[in-house]
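Structure first, commentary second.
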Amino acid sequence: MNVTDLHKILNDEQLLGVTTTEGPVLILAGAGSGKTRVLTHRVAYLIEQGVEPWNIMAITFTNKAAGEMRERVNNIVGHGAEQVWVATFHSSCVRILRRFADRIGFDTNFSIYDADDSKSVMKEVCKTLNIDTKKIKEKRILSVISAAKDEMINEEEFARQNESDFRMAPYISAYREYQARLRSNNAFDFDDLILKTVELLKYDPEVRNFYQEKFKYIMVDEYQDTNTVQFELVRLLTGPAQNLCVVGDDDQSIYKFRGANIYNILNFEQHFPSATVIRLEQNYRSTKRILEAANNVIRNNEGRKEKTLWTENEEGEKIRFKQFDSAYEEAEFIAMDIKSQLRRGNFKYDECAVLYRTNAQSRILEEKFINENIPYRIVGGVNFYSRKEIKDVLAYLKTIDNGDDDLAVQRIINVPKRGIGATSFGKVADYARAEGMSFYAALMEAEEITSLGKAVTKITPFVEFIEDLKKRQKDFTIAELIREILDQTGYVDELSAEGTDEALARIENIEEFINKALIYQQENEAPTLSGFLEEVALIADIDRLDDDEEYVVLMTLHGAKGLEFENVYMAGMEDGLFPSYMTITDDDDQEMEEERRLCYVGITRAKQCLTMTAAKSRMVRGEWQYASISRFVKEIPKEIMEGSVWEKPKNDFIELFDAAPKKSFAEKKKEATKPTAAADYARLTRGSEIKKTDLEFGIGDRVAHIKFGEGTVENIADGGRDYEVTVNFDRVGVKKMFASFAKLKKI
DNA sequence: GTTAGAAACAATCCT
DNA sequence: TGTTTCTAAC
C-alpha cells in the first residue's frame, strides 16, 4: 500500500505517525483516536519499505493487545508478520532471560512467582529474620521492595541508601533475604523479570549488542504507563539509530501506584531532543456528548499536555445519571436496564459493560445478573490461575519442571494428605538449610535425616512418584501429564467424594485448566512444560476475554483501559468510593488527578450510550456506609445530562418481567426476599423520589424483617426523603436501613 | 496430624 | 461481609 492509498484510510496526523519511521517519535494519541490503527499500519509500512519483520519490536500492555495487534498486522501484511516481535514487557523479558539467564547466575528453566508466591516467600523470610509481622506486614515490605525495583534499586543499593535510617533495617535485611531465596529457588518475581533483564543488558555488552542489532525499530504502546525500569529497558534495547516510536496519552495515565512515571511521556522530548511529536485529537469512537463529558472532566486537571478531543460523530444521547438508595437497587437497575436495552434491540449483551472502581462491587452485580439470567463475565477479582485447585496442580508441574522451586514442592508435599505434617516438614527444611541444598534435594535423601524416624516411609513414595513422572515426562503431553498427576494422587476423586457445589466447581476449573493445556499444545510448534508454565504465569485477567461470545463484561475501570463498548455503565459514582476515600483524605492533589484520569478513561470507553449510577448507601465490610454523589459527576455540564428522573422504557417492561428468571445457584432465600418484579420496577423508577410514608412503628417497638427476622427498633432518624431506621435484630444484631424498602412489619 | 469452629482482621487499582 | 489465621479437641 503506497502513501496515496494510506491517505484514503488515515487522516493527516495518522499518516504522519505511520510514515515517520526514522528517529524518535512521540505520538500523543487521545482516547479513540485510532492509535492501534496507526501502530499496525506502521508495522506494515515498515515491512513494505524493506525492513525485515524480525527487526521490528512492538511492546504492548496486555497479551490481549499484543494478540490483536498481531492479528491486524497479519491481515494487512500477508506473510512475515509472525516474525515481528509483538509482546508485553514481561513476556519480552522472559524470552530474553530464557536465553541468557545463565549469564546472571540463574538456570534458564527458572520459575516465575506471582503475588501469592512472593507473599509466601516473604512470610518465610520474616520468620527467619524474626520480623514481627504484627508491626510490619509482609505486604508492606513487599510493596517497599517492589517500589524500589520499579526505580531500579536492587538490594545492595537499597541498603546503601537507607543504612542511616534505623527504621529501615528490617526492610534492608528482608530485601536481601528475599532476593537470596528467589535465587536459590531459581525464581523471578514479576518485578525481577524486568529489573534483571535491565541488569543483564547493562552489564553484558554482548547481549546488549545482540538485541540492539536485532531490534532496529521499536514501538511502545500505552507509553504513559511505563515506569522507570521499563523506560530503561526500552532505552537499552534502542540502538544508536534511535528508531523508537512511543504512543500514549498522558490523560490516561492510571498506574502511578504501580510505579508508572508520568514524566516518561511528559519529558520524552527532553530525553530524545530530536523527537518528532504527533498529536491525534480526532476521536472516532464516541458521540459528541460523551466526548464533551470527558473533556469537561479532564480539564480540571493541572499537570497535563493541553489538548481537546473532537469528533465528527453524531450528537448522541444525553449522559444518564441516577442515584439509588442502596447498592442493591443500583445493581438491579443496571441488570434490568441491560435487559431492556436488549429487548428493544438497542444493544446486544456483548456491547454492554459495567465498570466500577473496586472489585468488591462486582459481587452484588453478579448476584443480580444471575437473578435476571443475563450472561456475564467478570474480569479480575480472583484470577483463575490463583484458585487453590489450579495452584495445586501448577505446583506439581513446577516441581517436575524446576526441582529447585521450594515453594512449589512445599505446597504439594502434603496435598493430598500424606501424613507429612509440620514436624517432619520442619526437620526436612532444617536439614536442607544446614546442607545448603534445596528442599526437594533434602527429600531425596530423607534416609539420611535421622531425626525423621518413621516419617521417612511417608516421604519416599512421594519422591518416587515425582521422579517417576520426571522420567516419563517426555512420553506425555502436558494435558496427559496433568491427568496422570490427578489419577495417581486421587485429587479429583477426593473432590467428587466431597460432592459439595464448591468441590464440583473446583473439578470444573481443573477440567478447564486441562483444556488450556490442550490449547497451548495445539497452538505452539514446540510446546514445553516451561513454556506452558510461563504463559500461565503471565496471563492477565483481561487476556481471557473472548470477543466472540455474547456476554456483558463486568470489570474495574483500570481493566477497561484500551477497550470500547457501545453501552457503558459506570457504577458506584460516589465520593469515598470514586474518588476513593484515600484520595480524598490525602492532601496530595496528584492522587486526585489520577482518579480523575481514571474517570476520563471510563467515560471514553463508551461509544453510544453512557450511564452513571450511584448509591446513597452500601454495605462495606459488614457496615453500612453513606456517600454523596461523586464530584466527577458534578463536573459534567447539566445540559448534556439526563438527571435523576428515569424515563420508563416504553411499554416493554411488563413483557420484560414475564420471562421468569431461571433459578440458578442464587439461593431461594434471596428469592423469598425479592418483591414482585413489577413492584421492583416501580421502586426503581421511583428512585430518589421516594415519599416519606408514615411509619407504623416507633422506637422501642418490636418489628419483623423478611430476612433478618425479629428485632427491636432502637432509633429512627429523619433522612430527608426517607426515614433511616436502626434495628437491633435478635439473630443478626444492629442494622441500619431505610424504611421505604426495608418493609419492616410491626409485631 | 487433622479438623472444625472461633477469633481476628480487612482499605482501591495490577503484571 | 468474607476471608484468613489461631486454638482446641479429636
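Letters A, B, ... mirror the listed sequences (proteins, then strands); counts begin at 1.
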### Task
Would you give a per-nucleotide map of nucleotides 6-15 of chain B, 5' to 3', where B means the base has a protein non-hydrogen atom under 4.0 Å away, S means only the sugar-phosphate does, and - means neither?
----BBBBBB
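A:F110 carries A:R98 over the face of its six-membered ring, with the cationic atom under 6.0 Å from the centre and within 45° of the normal.
Every salt bridge (charged side-chain N to carboxylate O under 4.0 Å, His left out) that A:E564 has, sequence neighbours left out, goes to A:R285, A:K607. For A:D430, there are no side chain to side chain donor-acceptor pair (under 3.5 Å) partners at least two apart in sequence or on another chain.
Using a 4.0 Å heavy-atom distance criterion, A:S424 is classed as a sugar-phosphate-only contact. The residue A:K561 sits apart from the nucleic acid: no heavy atom pair falls under 4.0 Å.
Here the separation of C:dT4 from B:dC13, taken at their P atoms, is 15 Å to the nearest Å.
A donor-acceptor contact shorter than 3.5 Å links the side chain of A:N414 to the backbone of A:G419. Put simply, the side chain of A:D114 gets close to the backbone of A:D117: a donor and an acceptor are under 3.5 Å apart. A:H90 places no side-chain N or O within donor-acceptor distance of the main-chain N or O of A:L193, the cut-off being under 3.5 Å.
The nearest whole Å value for the distance from the CD atom in A:E623 to the P atom in C:dG2 is 14 Å. The distance from atom CG of A:L452 to atom C1' of B:dG1 is 15 Å, rounded to the nearest whole Å. The nearest whole Å value for the distance from the CD1 atom in A:I420 to the C1' atom in B:dT2 is 14 Å.
Here A:K123 reaches the OP1 or OP2 of C:dT5: one of its side-chain N or O atoms lies under 4.0 Å away.
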